[in-house]
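Let me begin by presenting the structure, written as structure tokens, before commenting on it.
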There are 2 protein chains.
Amino acid sequence: MCYRESMLDNNSDVGRYSETDQRLRQLGYRLTPQRMMLLSAIEEGEGHVSAEEIYARVQSRYPGMNISTVYRTLDLLTELGLVTRTDMGGGVVRYHPSNKGQHHHLVCQECGGVAELDDSILTPLRESLEEKYQFQADVRHFAIFGRCARCRR
Amino acid sequence: MCYRESMLDNNSDVGRYSETDQRLRQLGYRLTPQRMMLLSAIEEGEGHVSAEEIYARVQSRYPGMNISTVYRTLDLLTELGLVTRTDMGGGVVRYHPSNKGQHHHLVCQECGGVAELDDSILTPLRESLEEKYQFQADVRHFAIFGRCARCRR
DNA sequence: ATATATGCAAACGCTTTGCATTTCG
DNA sequence: CGAAATGCAAAGCGTTTGCATATAT
């Protein structure tokens, strides 16, 4: 029904439009309450979040949020390049705002821990892939699996 | 019921035990018809196959094969190290025999094409991960996403 | 003989979809 | 007002599980 009221009544952020919000409108998309909530949830969350986590986070404050809207919105934002989707392997997919800078992941297959990886370490690999295979590696979608320092002991 | 007859009657390979078959028995596991079929399907298939593909392939010859057996057997073989499981991203998981040598993958996000990648190109990266992060990269599970030479033109 | 593996059917978790309803612009 | 977005419920997909039955050793 009237999800606007139930969701926004006590939202002190109404009226504050983030950079990404503005961008959405520029591109001709509607700025719905759901989209604003999802964007702020993604921006607040440090690091990377899954669709289900985003859903839970938004729903805790705005119980009207719907899981299909989460997926549809994430798809849209990803297509527009406002959000980056990272396939972490094992069926785990995480999202983070594109404007928060690039970094990559070391995923430990033993403890499941995820460490961030500085981009510079990949430069040599990118260059040799370019040279030898004419392959343009998409550095935004990088996850390396293995065993972390702790689990090796 | 009696899946042995229906599945093995016209299997000219009965009695020929592959290297991996033998290995299974050594380790104390039973050498069932299903396991033999699955192993030969995986070994025949050039390159990498998904669980569903293995299932389809085996079933075309031995209609009794069951999808849960495929998954259970692939889990077992992976744990034993006889088969390698590669997460290709996008929920796609492929398997190939461990004894067929190591190589990696360049997955084109545009055309979906998969190219094989020589292991040597990863040596510098592995070394720097080891040095800087004490992280032991699992090179058997490597897929790099990006755009292939053809799609860039 | 008996522990182990299989078949079957049901459930799983995540994701997608169709369609009626609502809402942003 | 009208196109676009949402809610809802159902289905999709690949995978896993519980339990009775069959079988390799």
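In what follows, every chain begins at residue 1, and chains take the letters A, B, ... in the order their sequences are listed. As the structure is a prediction and not an experimental result, all values here were calculated from the model. For the numbers below, each heavy atom of this structure counts, side chains included, while hydrogens, waters and symmetry mates do not.
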Quiz item: Between the two ends of the helix from C:dA1-D:dT25 to C:dG25-D:dC1, what is the bend in degrees, rounded to 10 degrees, where each end axis spans five pairs?
Solution: 30°

Kindly write out the residues that satisfy side-chain contact (heavy atoms from CB on, under 4.5 Å) with [X], not counting sequence neighbours, or none if the list is empty.
X	answer
B:Val83	B:Ile42, B:Leu77, B:Thr78, B:Tyr95
A:Glu130	B:Arg152
A:Gln59	A:Tyr55, A:Met65

How many whole angstroms separate atom [atom1] of [X] from atom [atom2] of [N]?
X	N	atom1	atom2	value
A:Arg35	C:dT22	CZ	P	19 Å
A:Asn66	C:dC14	CG	P	16 Å
B:Leu27	C:dT4	CG	P	14 Å
B:Gln59	C:dC8	CD	P	10 Å
B:Tyr29	C:dA3	OH	P	17 Å
A:Met37	D:dA5	CE	P	16 Å

Exercise. Take nucleotides 10-16 of chain D nucleotide by nucleotide from the 5' end and write B, S or -, depending on whether a protein heavy atom sits under 4.0 Å from the base, only from the sugar-phosphate, or from neither.
Key: ----SBB

Quiz prompt | For A:Arg35, salt bridge (charged side-chain N to carboxylate O under 4.0 Å, His left out) partners two or more places apart | solution = none

Quiz item: Of the nucleotides D:dT25, C:dT6, D:dA5, which one has an atom closest to the side chain of A:Arg30?
Solution: D:dA5

Quiz item: Which part of the nucleic acid, if any, lies within reach of B:Arg72 when heavy atoms closer than 4.0 Å are counted: base, sugar-phosphate only, or nothing?
Solution: base

